[in-house]
Amino acid sequence: MTTDYDPIAEQYQRSKQQPWRIHIEAYSLMELIGDPTELSVIDMACGEGFYSRMLKQKGAAKVTGIDLSAEMVNLARQQETENNLGIEYIQGDARDSAGLNPCDLVVAAYLLNYARDREELQAMCTGIARCLKPGGRFVTINSSPLLNFATAPSYRKYDFETQVTGIWEEGAPITWIFYLEDGPLLIENYYLSAHTHEQEFRSAGFRRVNWHVPRLSPTGLAEYEDGFWSRFMEQPPVALIECIR
Ligand SMILES: C[S@@+](CC[C@H](N)C(=O)[O-])C[C@H]1O[C@@H](n2cnc3c(N)ncnc32)[C@H](O)[C@@H]1O
């Protein structure tokens, strides 16, 4: 795994305030998750806890956030100190979920797109399936495995862009450039096809897999001029997946 979030933790946190993140990403993910009331939840690759907090505030009984990056976990814990919601944050690896209590729901925003090959994806899917109760759900949003990023349009009007420099093939790096007030933030993740994802979900023990396109919030629609979101919605760079164990 080459992407280290420690040096970019604070910048990444600010990128979560971009309008598309709120009106499309968070809206779509939370709509797909539905009502988390009384559920035990693991937010895998929780980062600074953006979705951990949302899930707890929406009524989840127990939320545990897990992330590889010590700095991301620090930012999450700082916010827990400022406003205690009762969320536990652990520095850990999604590929090694031994010791975690099985839960009802695992959420992972932008984890699977860090798998550079089938083996890494398999390790993540197996780790996630292992910490779910039978019948439990896994809900995730990632760089879309359904989009050819080599021929994707510019998303500059939404304050980010994506770039592919090499050959478009399994494992190809995708660079996301977020335009923040103090300059661009570059993040690299990787393409693996929808077919590879399907196979690895099944081999990890998921029996149902549903793919979902992102949705635009009614507020996002109302607050921007007609057609503003069309390019994003017609060629969405993110995709949501729901798997049942
Ligand atoms: C793009 S950030 C997303 C953070 C958070 N889910 C959000 O949406 O704000 C990706 C996160 O995945 C974490 N990560 C990458 N590989 C991981 C792994 N194998 N296990 C746990 N976390 C991982 C990184 O440290 C980083 O915080």
Side-chain angles (χ1 to χ4, degrees), residues 1 25-47 49-56 58-68 86-146 170 189-215 238-245:
M1 203 80 37
E25 178 195 300
Y27 178 75
S28 304
L29 185 63
M30 295 311 286
E31 283 286 300
L32 182 57
I33 289 169
D35 182 2
T37 304
E38 311 222 331
L39 299 183
S40 54
V41 184
I42 291 177
D43 181 10
M44 200 60 99
C46 63
F50 186 86
Y51 288 110
S52 312
R53 291 188 293 279
M54 241 179 232
L55 288 157
K56 193 72 177 65
K58 282 190 179 284
K62 178 174 161 48
V63 178
T64 308
I66 298 174
D67 200 281
L68 206 51
I87 303 168
E88 183 186 11
Y89 292 105
I90 301 171
Q91 188 187 0
D93 191 324
R95 296 166 290 182
D96 176 17
S97 60
L100 293 172
N101 283 333
C103 65
D104 302 304
L105 170 70
V106 175
V107 173
Y110 307 108
L111 166 68
L112 302 184
N113 48 211
Y114 285 103
R116 285 171 301 184
D117 54 33
R118 183 184 284 281
E119 287 67 38
E120 281 188 348
L121 185 62
Q122 183 182 61
M124 288 177 184
C125 293
T126 306
I128 288 163
R130 211 186 288 133
C131 56
L132 269 175
K133 294 176 186 169
R137 280 171 89 210
F138 169 46
V139 180
T140 182
I141 182 166
N142 295 287
S143 287
S144 177
L146 304 167
E170 291 279 280
N189 54 39
Y190 307 95
Y191 164 71
L192 290 174
S193 70
H195 182 65
T196 301
H197 280 76
E198 287 274 345
Q199 287 184 329
E200 295 314 323
F201 292 141
R202 305 279 175 197
S203 82
F206 289 107
R207 53 192 172 83
R208 273 194 4 236
V209 178
N210 299 314
W211 292 73
H212 298 265
V213 291
R215 297 168 60 186
V238 295
L240 296 102
I241 317 166
E242 176 191 29
C243 304
I244 311 291
R245 206 199 123 183

Is there a donor-acceptor pair under 3.5 Å between the side chain of [X] and the backbone N or O of [Y]?
X	Y	result
N189	N113	no
S40	D104	yes
T140	A108	yes
D43	S52	yes

With rounding to the nearest 0.5 angstrom, report the [atom1] to [atom2] distance, [X] to [Y].
X	Y	atom1	atom2	value
R116	L121	CZ	CG	13.0 Å
S97	I128	OG	CD1	8.5 Å
K62	E88	NZ	CD	5.5 Å
I42	L105	CD1	CG	9.5 Å
L68	M44	CG	CE	11.0 Å
L192	Q199	CG	CD	11.5 Å

For the pair D35 and K58, find out whether any cationic side-chain nitrogen is under 4.0 Å from an anionic carboxylate oxygen.
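Salt bridge flag = no for K58 with D35.
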Could you check whether any side-chain heavy atom of [X] comes within less than 4.5 Å of a side-chain heavy atom of [Y], counting everything from C-beta outward?
X	Y	result
V106	V41	no
I66	L100	yes
V63	Y89	no
L55	V107	yes
Y190	E170	no
S193	P145	no
S203	Q122	yes
E120	R95	yes

Tell me, which pairs form a salt bridge (Lys or Arg N to Asp or Glu O under 4.0 Å) where one or both residues lie in residues 192-213, sequence neighbours left out?
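Of all non-adjacent pairs touching residues 192-213, those that pass salt bridge (Lys or Arg N to Asp or Glu O under 4.0 Å) are R118-E200, E198-R202.
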Taking only residues two or more places apart in sequence or in another chain, which ones pass side-chain hydrogen bond (donor to acceptor under 3.5 Å, both in side chains) with Y51?
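If we apply the side-chain hydrogen bond (donor to acceptor under 3.5 Å, both in side chains) test to Y51, skipping adjacent residues, the hits are E25.
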By side-chain hydrogen bond (donor to acceptor under 3.5 Å, both in side chains), which residues pair with R53, not counting sequence neighbours?
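If we apply the side-chain hydrogen bond (donor to acceptor under 3.5 Å, both in side chains) test to R53, skipping adjacent residues, the hits are E48, Q79.
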No-hydrogen, no-angle side-chain donor-acceptor test under 3.5 Å, N142 and S144
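N142 vs S144: no donor-acceptor pair found between side chains.
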Excluding sequence neighbours, so at least two apart, what forms ring pair (Phe, Tyr, Trp, His ring centres under 6.0 Å) with F206?
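Partners of F206 under the ring pair (Phe, Tyr, Trp, His ring centres under 6.0 Å) test: F138.
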How would you list, by chain and number, every residue that makes a ring pair (Phe, Tyr, Trp, His ring centres under 6.0 Å) with Y27, sequence neighbours excluded?
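With neighbours one apart ignored, the set is empty.
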Of all the heavy-atom pairs spanning A45 and L111, show the shortest one and how long it is.
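Residues A45 and L111, closest heavy atoms: CB-CB, 3.8 Å.
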Distance-only donor-acceptor pairs under 3.5 Å for side chains of residues 238-245, two or more places apart:
| unit_1 | atom_1 | unit_2 | atom_2 | d |
| --- | --- | --- | --- | --- |
| E242 | OE1 | N210 | ND2 | 3.4 |
| E242 | OE1 | H212 | NE2 | 3.2 |
| E242 | OE2 | R137 | NE | 3.2 |
| E242 | OE2 | R137 | NH2 | 2.9 |
| R245 | NH1 | L132 | O | 2.6 |

Evaluation steps, side chain to side chain contact (heavy atoms under 4.5 Å, CB included), between V139 and L29:
CA-CA 8 Å; V139 180; L29 185 63; 3.8 Å; yes
Are more than 12 heavy atoms from other residues, nucleotides or ligands located less than 6.0 Å from atom CZ of R130?
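Yes.
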Verify side chain to side chain contact (heavy atoms under 4.5 Å, CB included) between D67 and Q91, making sure each step is shown before the conclusion.
CA-CA 5 Å; D67 200 281; Q91 188 187 0; over 6 Å; no
